[in-house]
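What follows is one structure encoded as structure tokens, with my remarks underneath.
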Number of protein chains: 2
Amino acid sequence: MAELATSLRRGTLEFCVLAMVEHEDRYGTEIVRRFGEEPNLAASEGTIYPLLSRLRRVGWLDSKWAESPSGPPRRYYALTGDGRSALAHFRTEWVSFRQTVDRLVGTGEAA
Amino acid sequence: MAELATSLRRGTLEFCVLAMVEHEDRYGTEIVRRFGEEPNLAASEGTIYPLLSRLRRVGWLDSKWAESPSGPPRRYYALTGDGRSALAHFRTEWVSFRQTVDRLVGTGEAA
DNA sequence: TGGCTCTACCTTGCGTGGCAAGGTACTGTG
DNA sequence: CACAGTACCTTGCCACGCAAGGTAGAGCCA
């Protein structure tokens, strides 16, 4: 039985990434670091980089290289139009899903 | 890119099953049918039966055979003590996870 | 110059778990 | 005695999270 947090992340992680670059372009290592600060989402490079490639491949993210003030160049990611739609779609799906789980699993009290 | 609903289910489905047998013993086909009524959770036999076996194997569910009023015998599932603990643990994890996602992905407005 | 560390990128290989499809067997019913 | 209905379970495939491993430029310091 896998780690609970790991399987919970499934399906939401990619949209958390989309949301993270929604208002500002970000690069890989930065995204990893930011997720690292969220105990519920902490995901390593081995998760994030393949995820970013996948999102690029399906056309939800776009990327461009930029110099770093110090260190190797960075690949900055930005949301595409399709990415924006996908994120919007997720938001409605998520609310609905969350409510279903709350109702079925609930707090253990009532029905 | 897998179906959105499918990956959302990951990690929560098994606990929805636990919650479903929390107050009353249920059998496989019944569980499949009940999930079928939830658009967000709809899962087929191919998902539920292996899941039930897994939950039995790790000791969260217990089962006993019982005659059906009409048709072949049914295997009824019940929560074990460990299952109850696991469910309780999930409930706190879930609340925390849900809040994190709400905060990060939000509704698209505000920060 | 050479060597060390830091930052940044990416890949490989494994394991878990959802699911469609396929399979077995018992129980009525005409 | 065939046929439909109910109930159980397995096989094989694919997606994806992740630990571990790999490459390379930048900055520093002697």
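Values in this document were obtained by computation on a predicted structure and should not be read as measured data. In what follows, every chain begins at residue 1, and chains take the letters A, B, ... in the order their sequences are listed.
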For the pair made of [atom1] in [X] and [atom2] in [N], what is the distance, rounded to whole Å?
X: E14(A); N: dC16(D); atom1: CD; atom2: P; result: 7 Å
X: L13(B); N: dG18(C); atom1: CG; atom2: P; result: 6 Å
X: L51(A); N: dA19(D); atom1: CG; atom2: C1'; result: 17 Å
X: L55(B); N: dG17(C); atom1: CG; atom2: P; result: 10 Å
X: D25(A); N: dA8(C); atom1: CG; atom2: P; result: 16 Å
X: R26(A); N: dC9(C); atom1: CZ; atom2: C1'; result: 19 Å
X: R57(A); N: dA15(D); atom1: CZ; atom2: C1'; result: 11 Å
X: Y77(A); N: dA8(C); atom1: OH; atom2: C1'; result: 11 Å

Legend entry - Contacting residues from residues 29-38 of chain A, given that a heavy atom lies under 4.0 angstrom of DNA chain C: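 Within residues 29-38 of chain A, the residues near DNA chain C are T29(A), R33(A).
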
Inset, instruction - Give, for atom CG of L18(A) and atom OG1 of T80(A), the distance between the pair rounded to the nearest 0.5 Å. - result: 8.5 Å

Legend entry - Reported CG-to-CG distance for the pair L51(B) and L61(B), which is rounded to 0.5 angstrom: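 Those atoms lie 8.0 Å apart.
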
Inset, instruction - State plainly whether the residues E93(B) and R9(A) are in salt-bridge range, i.e. N to O under 4.0 Å. - result: no

Inset, instruction - State plainly whether the residues R103(B) and E38(A) are in salt-bridge range, i.e. N to O under 4.0 Å. - result: yes

Name the pairs: protein N/O against N/O of nucleotides 28-30 of chain D, kept only if under 3.5 Å.
none

Judged by atom type as modelled, is there a donor-acceptor pair below 3.5 Å linking the side chain of [X] to the main-chain atoms of [Y]?
X: S63(B); Y: Y76(B); answer: no
X: S7(A); Y: E3(A); answer: yes
X: T6(A); Y: A2(A); answer: no

So, OP1 or OP2 of [N]: does either fall under 4.0 Å of a side-chain N or O from [X]?
X: Y27(A); N: dC9(C); result: no
X: R54(B); N: dG17(C); result: yes
X: T47(A); N: dG17(D); result: no

Are side-chain heavy atoms of [X] and [Y] found at a separation under 4.5 Å?
X: L79(B); Y: D62(B); answer: no
X: W94(B); Y: D102(A); answer: yes
X: L8(B); Y: T12(B); answer: no
X: T100(A); Y: L41(B); answer: yes

Inset, instruction - Map L52(B) and S44(A) onto DNA chain D by nearest heavy atom, then report which one ends up closer to the 5' terminus. - result: L52(B)

Legend entry - Set of residues satisfying side-chain contact (heavy atoms from CB on, under 4.5 Å) with respect to S53(A), sequence neighbours excluded: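 Residues passing side-chain contact (heavy atoms from CB on, under 4.5 Å) with S53(A): R56(A), R57(A).
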
Inset, instruction - Would you list the pairs meeting side-chain hydrogen bond (donor to acceptor under 3.5 Å, both in side chains) in which at least one residue belongs to residues 28-37 of chain A, sequence neighbours left out? - result: R26(A)-E30(A), Y27(A)-R33(A), T29(A)-Y49(A)

Legend entry - Result of checking F15(B), F97(B), W60(B) against F90(B) for ring-ring contact (aromatic ring centres under 6.0 Å, His included):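 With F90(B) as partner, F15(B), F97(B), W60(B) yield a single ring-ring contact (aromatic ring centres under 6.0 Å, His included), made by F15(B).
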
Inset, instruction - Assign a letter to each nucleotide of nucleotides 22-30 of chain C from its 5' end: B, base within under 4.0 Å of a protein heavy atom; S, sugar-phosphate only; -, no contact. - result: ----BSS--

Legend entry - Pairwise 5' ranking along DNA chain C for A43(B) and S53(A), keeping only the more 5' one: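 The residue whose closest nucleotide sits nearer the 5' end is S53(A).
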
Inset, instruction - Output the residues of residues 1-11 of chain B in contact with DNA chain D, where contact means a heavy atom of the residue under 4.0 Å from an atom of the strand; sort by number or write none. - result: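 Those residues are M1(B), A2(B).
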
